[in-house]
Amino acid sequence: MKKEFIGFYDPTEKEINDAWSKGTFAFDTNTLLNLYRYTDLTRKDFLTALKTIKDKLFLPHQAALEFHSNRVGTIEGIGYSYSNLYKVFENNFEKNLESQINQFKKHPSIVIDNISKLHSEFLKKISTELEKQKKTHPDFKTKDEVLEQLTDLFENATGKEFSKDE
């Protein structure tokens with residue numbers, strides 16, 4: 001029964017050692033796409049680890065196809081994150097706070113215009129900071145080191161496409 005349901009059993013120390021010494025390491029699409037989502041350090045560490053087991057790597061054809069099909073969309077989605085995060089700050093104020101704050105417009109000592117000005121300054125600071133951080137983000141559209149390294153790592157280690165019958 002253990003053979004059929006191996007995932008439900010903790011591996012023995014021998015099984016772990018055998019996996020490292022004799023095993024093949026296969027990856028799915030999201031594992032590879034996540035390389036674009038990782039910090040630089042995590043990405044470099046992961047790719048370095050893959051290089052140490054290069055002769056044991058295997059990439060199923062379907063995973064390679066999905067990686068290539070979704071790579072640009074993943075890169076673009078990460079790029080959109082900067083403007084999307086800005087919109088969270090901007091929209092949250094407009095949708096959730098502005099009407100509540102405006103109820104104090106007639107207060108004799110609270111100057112809502114000054115409060116609104118602070119909010120505008122805050123949004124400018126958020127925008128400036130996000131632009132600064134965006135500039136440090138790798139431009140994978142211009143130079144895609146992830147693709148280059150994966151191409152090298154999985155050269156001659158990618159599965160064949162299944163036929164329609166298979």
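For the single chain, residues carry numbers from 1 onward in sequence order.
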Enquirer: Please verify the inter-ring angle class for His137 with Phe140; under 30° counts as parallel, over 60° as perpendicular, anything in between as tilted.
Expert: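 Geometry flag for Phe140 against His137: perpendicular rings.
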Enquirer: Indicate yes or no for a side-chain donor-acceptor contact from Gln103 to the backbone of Ser99 under 3.5 Å, with no hydrogens or angles considered.
Expert: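 A pair under 3.5 Å: no.
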Enquirer: Atom NZ of residue position Lys54 - does it have more than 12 heavy atoms of other residues, nucleotides or ligands inside 6.0 Å?
Expert: yes
Enquirer: For Phe122 and Phe93, I'd like to know if the aromatic rings sit close, meaning centre-to-centre distance below 6.0 Å.
Expert: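 No.
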Enquirer: Please verify the inter-ring angle class for Phe46 with Phe27; under 30° counts as parallel, over 60° as perpendicular, anything in between as tilted.
Expert: perpendicular
Enquirer: In plain terms, say whether Lys132 and Glu129 are close enough for a salt bridge, that is, a side-chain N and a carboxylate O under 4.0 Å apart.
Expert: yes
Enquirer: For the backbone of Thr39 and the side chain of Thr42, can you confirm whether one donor and one acceptor N or O come within less than 3.5 Å of each other?
Expert: no
Enquirer: Are any side-chain N or O atoms of Glu131 and backbone N or O atoms of Thr128, one a donor and one an acceptor, separated by less than 3.5 Å?
Expert: no
Enquirer: Can any side-chain N or O of Ser127 pair as donor or acceptor with the backbone N or O of Leu123 at less than 3.5 Å?
Expert: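 Judged by distance alone, no pair lies under 3.5 Å.
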Enquirer: State whether the side chain of Lys141 and the backbone N or O of Glu76 hold a donor-acceptor pair below 3.5 Å, judged by distance alone.
Expert: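 Pair absent, no side-chain N/O of Lys141 close to backbone of Glu76.
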Enquirer: Any side-chain to backbone donor/acceptor pair from Thr29 onto Ala63? Under 3.5 Å, distance only.
Expert: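 Yes, Thr29 side chain to Ala63 backbone: donor-acceptor pair under 3.5 Å.
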Enquirer: Taking NZ, NE, NH1 and NH2 as the nitrogens, is one of them in Glu15 or Lys2 under 4.0 Å from a carboxylate oxygen of the other?
Expert: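 Result for this pair is yes, salt bridge flagged.
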Enquirer: With distance as the sole criterion, is a donor-acceptor pair present between the side chains of Tyr36 and Asp144 under 3.5 Å?
Expert: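 A pair is found: one side chain offers a donor N or O, the other an acceptor, under 3.5 Å apart.
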Enquirer: Show, in sequence, the C-alpha distance, side-chain angles and deciding distance for Asp28 and Thr31, and conclude whether the side chain to side chain donor-acceptor pair (under 3.5 Å) test is met.
Expert: CA-CA 6 Å; Asp28 69 356; Thr31 302; 2.5 Å; yes
Enquirer: Do Asn34 and Asn30 pair up side chain to side chain, a donor and an acceptor below 3.5 Å, judged on atom types alone?
Expert: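 Looking only at side-chain atoms, Asn30 and Asn34 do not form any donor-acceptor pair under 3.5 Å.
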Enquirer: Hey, does the side chain of Thr48 reach the backbone of Lys44 with a donor-acceptor pair shorter than 3.5 angstrom?
Expert: yes
Enquirer: With side chain to side chain donor-acceptor pair (under 3.5 Å) as the test, would you mind laying out the steps for Glu145 and Gln149 before giving the verdict?
Expert: CA-CA 6 Å; Glu145 292 179 11; Gln149 291 185 53; 4.5 Å; no
